[in-house]
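Here the structure comes first, spelled out in structure tokens, and everything after it is commentary.
FYI, the numbering just counts along the sequence from 1.
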Amino acid sequence: MDESARILEYPAQPTDDESNTKVVANFSRIEAIKAKHIYVYVVDVRNMDALASDQQEGEEAGKVTDVHVRKNVFERAVSLNGDALDSRPLVFDGQNYAYSAKAAHKKGWDASTDSLTLSVDHSLDSVVCRMHVTLRKQRRYETKLLYKYCDGDRSVSETYVQGMLFALDSIVRSLALPDTVCVDGRQLCARNAVATKGDLGADLYWEYKYTVRPGRGLLSVNIGQRVVPLVNKTTVEALARAYFSPALAGGGSLDKVLGDKDWRDFDAVARGLQVRVNGATRNACTYRVVGVSKEFARQLTVGGVPLASYYREHFGLDTVRIDEKLPCLLTADGPPIPLALAAIDGKHVMEPMARWQRTLVVSLGYLAPAARHRVLTWGANALANGTGPAADIFGIRISAELLTVDAQVLRPPQLLMSSQKPVDVSPTSGKWDIPHVSDGKRLTSWAVLVLGCSKQAMPEPLVRAFVAQLVKIGQDRGIDMRNTNPPIKYAAASSEHAVVEAASLARTSSGSEAQMILCILPRYSVRLYGELKRVALTLVGVQTQCVVAGHVRAHTPTLLAMVALKINVKLGGSTVSLADHDSVAALNDKEPTLVISADVSHTTESQCMSVAAIVSSLDLNASRFQGTVVQHPKRMEYIENFDVIPTRIVYYRDGVNDSQMRCVKDLELRAIYHGCALIHPDYRPLVTMVLARKRHSARFIVPGKTYGNPVPGTMVSQLIPSPTVFSFYLCAHQTEIGISRPTCFYVLHDDAAFTPHTLRSLTYNLCYTYPIICRSATMPAPLYYAHKLSGKGRLLLNRSFDDLPFFNKALHNTKKENKNKSHAKSDPPHLVSVHRNIQDSMYFM
């Protein structure tokens with residue numbers, strides 16, 4: 001096998017699976033698909049009467065985008081032109097594709113384009129329009145090849161399989177479920193509505209999302225669900241009162257409490273609502289809201305006529321109640337409608353929501369495992385009893401039972417502290433007591449910088465008390481925090497001058513260079529925090545640890561311990577290290593192994609610049625890491641800083657979906673080999689590449705008399721994971737709220753030929769080395785480091801945050817005006833290097 005083929009080849013799914021427990025997965029088995037083929041047709045729906053007058057050009061001219069209209073037009077066209085389709089029933093997803101189990105392209109089709117155009121009349125807003133529905137054959141899939149893929153046949157193309165799965169998703173989702181409400185093409189469960197607290201302005205329903213997934217030896221449907229708020233108010237004014245209820249808690253009115261920014265936020269909520277004029281006796285019709293006016297009602301007229309007079313004459317209202325100090329709703333084809341007169345027509349999903357509403361909805365969606373199991377069981381039963389053309393055309397039969405899967409609980413690792421004695425790890429919670437950190441550093445030169453808070457808002461005695469408790473917690477855990485009375489500096493903003501003065505105070509107080517500045521911020525702000533980190537990390541070269549003022553006033557021992565551990569890590573210390581035993585055979589002296597990880601962050605505040613972060617271990621136990629932030633990584637310079645030249649590299653990668661997986665593997669694996677060759681032409685370490693994925697809908701529940709969450713270390717490698725790629729699901733952490741979300745790992749490359757148990761154990765053990773908590777994390781620590789570094793790397797800019805158009809409206813407007821001038825692009829934001837004083841530390845924690 002040549003080099004290119006070897007890089008593109010995936011390690012096969014191992015068969016030596018062991019199990020010592022069982023879990024219930026949110027999957028239902030597909031028992032049968034009787035259709036031998038799936039024919040896919042691209043659908044285009046256009047309004048031919050609007051085509052000539054349409055302002056759009058090219059392919060978008062006259063195109064109908066409304067899902068409901070597209071579905072109605074398509075169904076009518078198919079029913080009236082059955083002969084042209086050879087009487088073949090079709091399933092239309094309402095978007096771009098239609099599906100059939102047998103070929104429908106026989107009679108009257110254009111052989112040159114393999115397409116058919118159907119004409120039909122359809123009523124839009126009481127006007128009959130001539131519509132054209134064009135079907136074009138795209139592809140034919142064979143269902144038997146999908147089953148061969150599930151049996152591990154790697155000759156079936158992944159692109160082919162992904163295309164067929166996309167088609168099956170649309171077919172399964174077209175089934176009509178019992179006891180559901182259809183809103184905007186989404187089926188919401190009315191039977192299992194979630195009880196709300198207070199006046200949310202909406203009722204909460206469960207939305208089920210079904211996704212067909214290939215597994216080891218079976219085809220199944222993943223049942224994903226989330227809470228969806230459905231507006232329960234009859235008028236837009238009542239909806240606004242619910243949306244702004246925290247601001248109105250003191251009894252204020254909408255016109256006195258709210259400002260322009262509040263109404264701009266509500267604009268996104270009102271946009272898309274279907275409303276009618278409440279109480280209209282003439283010209284009653286429905287309008288679509290396109291926004292909220294910037295002017296108040298008293299400033300608006302219709303054809304020069306005041307709103308009150310217009311509504312009285314045009315809609316036949318005897319009395320017109322208009323609050324002239326409130327804005328109005330702007331409609332697509334009607335007059336501005338005052339909030340009090342806008343009655344909501346039909347059902348609408350409330351999206352987006354206010355922050356307090358979103359927090360409440362998310363909290364109500366956290367169900368205990370037993371309650372979640374009931375909701376999932378209903379979803380499986382509803383899908384099994386779903387009706388519609390899809391069930392008849394394709395003969396899909398789905399089990400009403402949730403899938404029970406064999407699983408294995410991995411042994412937790414042995415952890416070492418400063419005494420070099422193993423620490424007992426709870427097998428049920430993944431937690432341990434931390435008497436002393438494994439490597440506690442000395443902190444002698446530091447200062448406190450209070451930003452944006454006056455001495456009245458943040459008194460010095462309060463700061464001293466917080467520092468004293470922080471020092472005590474740190475000393476109890478083996479961190480040598482000797483200077484218990486650091487100097488305190490107050491500053492109005494996070495300028496370079498403020499950070500330099502704080503560092504100077506620390507140096508004067510201790511007689512040595514500043515090691516750390518404890519920064520107290522009035523609140524979390526990207527602008528304030530980002531500018532502070534930019535100044536400290538690139539200009540001054542001093543470590544910083546930020547705490548918001550609210551935590552200084554009210555804090556817990558857990559928060560203090562986390563802050564102390566972060567300070568120790570930034571100073572070069574470590575919390576725990578992995579003991580050398582058989583469960584971490586991948587890390588040993590005989591075969592030095594480098595652990596690296598990478599992540600990419602796509603920024604918005606600095607002109608959508610992509611930042612790549614790479615971290616690498618600095619010792620044999622993978623407890624200390626160093627990071628590099630680059631816009632265009634070219635060379636693996638971090639290998640040269642390892643204690644010894646590694647013979648093996650384990651590379652953890654995050655944030656890659658199915659369509660990107662092969663491309664990312666090809667590019668990044670070649671880059672690693674190329675970087676190694678730059679160090680020495682003959683240097684070729686054994687590379688193992690593991691992809692981690694959190695964005696999936698797989699969930700596991702432990703069955704029994706009382707359903708519970710899987711214990712840390714629960715690993716699932718049967719039935720659910722990919723049938724052709726070495727992959728597994730791992731629940732590495734304990735979940736205290738709701739049900740746990742496992743991480744899915746794909747082994748994309750393995751030169752070292754690790755055993756499956758070794759790779760799984762290494763991945764699980766690295767979840768225990770995240771240094772700021774005393775329990776297992778959801779993913780290996782290197783992945784967290786890379787994610788944090790990519791976030792911090794966005795802040796390492798060549799200009800102040802105040803000079804970025806994202807934070808400065810005046811600059812943003814100037815940039816718009818000068819977008820065609822050369823000087824507007826003279827000095828775009830770009831990354832700069834971290835100061836040499838801290839570049840070898842874990843400053844990104």
Inset, instruction - Check the angle between the aromatic planes of Tyr707 and His373 and answer parallel, tilted or perpendicular using the 30° and 60° thresholds. - result: parallel
Legend entry - Distance, nearest 0.5 Å, that separates OH of Tyr149 from OG of Ser157: 9.5 Å
Inset, instruction - On the 0 to 90° scale, with breaks at 30° and 60°, tag the Tyr208-Tyr210 ring pair as parallel, tilted or perpendicular. - result: parallel
Legend entry - Atom of Arg411, atom of Tyr764 and distance for their closest heavy-atom approach: O-CE2, 3.6 Å
Legend entry - Over-ring placement of Arg760 relative to Phe728, 6.0 Å and 45° cut-offs: yes
Legend entry - Heavy-atom closest contact (Ala786 atom, Ala613 atom, distance): O-CB, 3.5 Å
Inset, instruction - Could you tell me which non-hydrogen atom of Ser577 sits nearest to which non-hydrogen atom of Ser438, and how far apart they are? - result: N-OG, 4.3 Å
Legend entry - Exceeds 12 heavy-atom contacts within 6.0 angstrom, atom CD of Gln660: yes
Inset, instruction - Evaluate whether atom NZ of Lys144 has more than 12 neighbouring non-hydrogen atoms of other residues, nucleotides or ligands under 6.0 angstrom away. - result: no
Legend entry - Salt-bridge present (Lys36, Glu142; N to O < 4.0 Å): no
Legend entry - Residue Arg775 excluded, over 12 heavy atoms near CZ under 6.0 Å: no
Inset, instruction - Describe, in one word, how the ring planes of Tyr729 and Phe700 are oriented to each other, choosing from parallel (under 30°), tilted (30 to 60°) and perpendicular (over 60°). - result: perpendicular
Legend entry - Taking every non-hydrogen atom, the tightest pair across Pro703 and Val24: CB-CG2, 3.9 Å
Inset, instruction - Keeping the roles fixed (side chain from Asp439, backbone from Ser574), state whether a donor-acceptor pair exists under 3.5 Å. - result: no
Inset, instruction - Determine, stepwise, if the pair Leu578 / Leu415 fulfils side chain to side chain contact (heavy atoms under 4.5 Å, CB included). - result: CA-CA 5 Å; Leu578 296 171; Leu415 304 177; 3.7 Å; yes
Legend entry - Over 12 foreign heavy atoms within 6.0 Å of CD, Glu18: no
Legend entry - Exercise: identify the closest heavy-atom pair between Leu219 and Cys150: CD1-SG, 3.9 Å
Legend entry - Between CG on residue Leu748 and OG on residue Ser727, distance to nearest 0.5 Å: 9.5 Å
Inset, instruction - Report the residues that fulfil salt bridge (Lys or Arg N to Asp or Glu O under 4.0 Å) with Arg216, sequence neighbours left out, ordered by chain and then residue number. - result: Asp17
Inset, instruction - State, with a plain yes or no, whether a side-chain heavy atom of Val156 is found less than 4.5 Å away from one of Thr724. - result: no
Inset, instruction - Inspect the contact between Arg154 and Glu9 and indicate whether a charged nitrogen and a carboxylate oxygen are less than 4.0 angstrom apart. - result: yes
Inset, instruction - Using a strict cut-off of less than 4.0 Å between a Lys/Arg side-chain nitrogen and an Asp/Glu carboxylate oxygen, indicate whether Arg670 and Asp666 qualify as a salt bridge. - result: yes
Inset, instruction - Walk me through it: do Leu402 and Thr377 pass the test side chain to side chain contact (heavy atoms under 4.5 Å, CB included)? - result: CA-CA 7 Å; Leu402 294 175; Thr377 300; 3.8 Å; yes
Inset, instruction - Would you kindly say whether Ser28 and Ser399 are connected by a side-chain donor-acceptor distance under 3.5 Å? - result: no
Inset, instruction - Just grab all the salt bridge (Lys or Arg N to Asp or Glu O under 4.0 Å) pairs involving residues 710-739, residues at least two apart or on different chains. - result: Lys431-Glu736
Inset, instruction - Could you tell me if the ring centre of Tyr746 sits under 6.0 Å from that of Phe726? - result: no
